[in-house]
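The structure appears below as structure tokens.
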Amino acid sequence: MTQALYITLPEHFNFRSTVYSHGWCELAPFGLDTENWRLSYVFGHGNAAIPVSVYEQGRRLRIDVEGDGFDKQQIIRDVRHILRLDDDLEGLYTSIAGHERLGWVAQKGAGRLLRSPTVFEDLVKTICTTNCSWGLTKSMVNNLVDKLGESGAFPTPGAMAAVDPDFYRDEIRAGYRSPYFVELAEAVAGGKLDPESWLTSDLSTPELKKEMKKVKGVGDYAAENLLKLVGRYDGLALDSWLRSQFYKNHNKQKPCPDKKIERHYKKFGQWRGLVIWCDMTEKWIN
DNA sequence: GCGTCCAGGTCTACC
DNA sequence: GGTAGACCTGGACGC
């Protein structure tokens, strides 16, 4: 049985640019049907797995939900969260106003970065992006969902804490990250760490970054990527891909120190992390 | 077939 | 605070 829910879309929202904002739409339990332009996801609510399919219908977003007995308001809250529907990007658009190269961002209503329903899931996925190819990232995340998730949903901290490092090495193919996942899952499941609190933290960005880096496997890049996903854009989150794109677009293909990249985007202030991301991913969106 | 390199980096030991 | 070396995996590449 399929039920439909609807959300009225805000101004300056672009469904496709949000879905394509970064690689998250390729990571389970997300799925993308580009023929019909539907984004699918499997929510884990309690012990239930709830598959949904999200697509545009005029200025509304339609959510097809499989099954019954689910909490409609929670589904709507979660969809608003993953698509960043309540994010205010006026500051971003103001910071790039009149900029020749970046005019398309405001024009398209781009700048919203797709995220998972929980910071925990984004944290685990971010660790899966470090020091490996994108193909291996997808493989690790697929394995987590297939082997530890409930009916296609992303595994809970409890489920991830219930297996040992050998399981992560042998089944998830997580390599040296294996003990990091056990330690993280145990801390979250045991209440010692609450990544969800990062969404509303009063800490300054440098202090919050420091907190994030206490998690094993989270360094500068991973922390700054997570900061973007909790709505703070004053870190560039430089990784090998972003650096190579900068060299191609702004430095005649030649490598340069990170400080030069930082200088280039300094003028965009607290929005610089989002500006560099939009600047380097223009071809994905347009 | 085999060895090397490197990808959406981070940790630890050492200075 | 800065840096060298180690670290899983798997695909690409050269030989």
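Small disclaimer: the values here were computed from a predicted structure and weren't measured. The chains referred to below are lettered A, B, ... by the order of the sequence lines, with proteins before strands, and numbering in each begins at 1. All values below come from the heavy atoms of this structure, side chains included, with hydrogens, waters and symmetry mates left out.
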Of all pairs that satisfy salt bridge (Lys or Arg N to Asp or Glu O under 4.0 Å), the ones with a partner from residues 231-240 of chain A, not counting sequence neighbours: none
Without placing hydrogens or testing angles, list every side-chain donor-acceptor pair under 3.5 Å for residues 2-9 of chain A, not counting sequence neighbours.
from	atom 1	to	atom 2	distance (Å)
Thr2(A)	OG1	Glu66(A)	OE2	3.4
Tyr6(A)	OH	Arg62(A)	NH1	3.4

For residues 193-202 of chain A, please give each side-chain donor-acceptor pair under 3.5 Å, one per line with the distance, not counting sequence neighbours.
from	atom 1	to	atom 2	distance (Å)
Asp194(A)	OD1	Glu196(A)	N	3.3
Glu196(A)	OE1	Val119(A)	N	2.9
Glu196(A)	OE2	Val119(A)	N	3.2
Glu196(A)	OE2	Phe120(A)	N	3.0
Ser197(A)	OG	Asp194(A)	O	2.7
Ser201(A)	OG	Leu203(A)	N	3.0

Earliest and latest nucleotide of DNA chain B, 5' to 3', sitting under 4.0 Å from a non-hydrogen atom of chain A? dA7(B) to dT12(B)
Selection: residues 122-142 of chain A, any non-hydrogen atom under 4.0 Å of DNA chain B: Thr129(A), Thr130(A), Asn131(A), Cys132(A), Ser133(A), Trp134(A)
Going by heavy atoms closer than 4.0 Å, what residues in residues 209-219 of chain A are next to DNA chain B? Val215(A), Lys216(A), Gly217(A), Val218(A), Gly219(A)
Does the plane of the ring in Trp284(A) sit parallel, tilted or perpendicular to the ring in Trp241(A)? Use 30° and 60° as the thresholds. tilted
Using the side chain to side chain donor-acceptor pair (under 3.5 Å) criterion, which residues pair with Asp71(A)? Sequence neighbours excluded. none
Side chain to side chain donor-acceptor pair (under 3.5 Å) partners for Ser133(A), two or more places apart: none
How many whole angstroms separate atom OH of Tyr176(A) from atom C1' of dG5(C)? 14 Å
Using atom CG of Asp166(A) as one end and atom C1' of dC8(C) as the other, report the distance to the nearest whole Å. 14 Å
Paired and unpaired positions of DNA chain C as dot-bracket, Watson-Crick or G-U wobble under 3.5 Å, | denoting a partner strand: |||||||.|||||||
Could you give the side-chain donor-acceptor pairs of residues 41-49 of chain A under 3.5 Å, partners two or more places apart or in another chain?
from	atom 1	to	atom 2	distance (Å)
Tyr41(A)	OH	Glu121(A)	OE1	2.7
Tyr41(A)	OH	Glu121(A)	OE2	3.0
His45(A)	NE2	Asp78(A)	OD2	2.8

Identify, with sequence neighbours excluded, every residue that meets salt bridge (Lys or Arg N to Asp or Glu O under 4.0 Å) alongside Glu183(A). Lys216(A)
Please set out all donor-acceptor pairs under 3.5 angstrom arising from side-chain atoms of residues 22-32 of chain A, sequence neighbours excluded.
from	atom 1	to	atom 2	distance (Å)
His22(A)	NE2	Leu114(A)	O	2.6
Trp24(A)	NE1	Asp122(A)	OD1	2.6
Glu26(A)	OE1	Trp134(A)	NE1	2.9
Glu26(A)	OE1	Lys138(A)	NZ	3.2

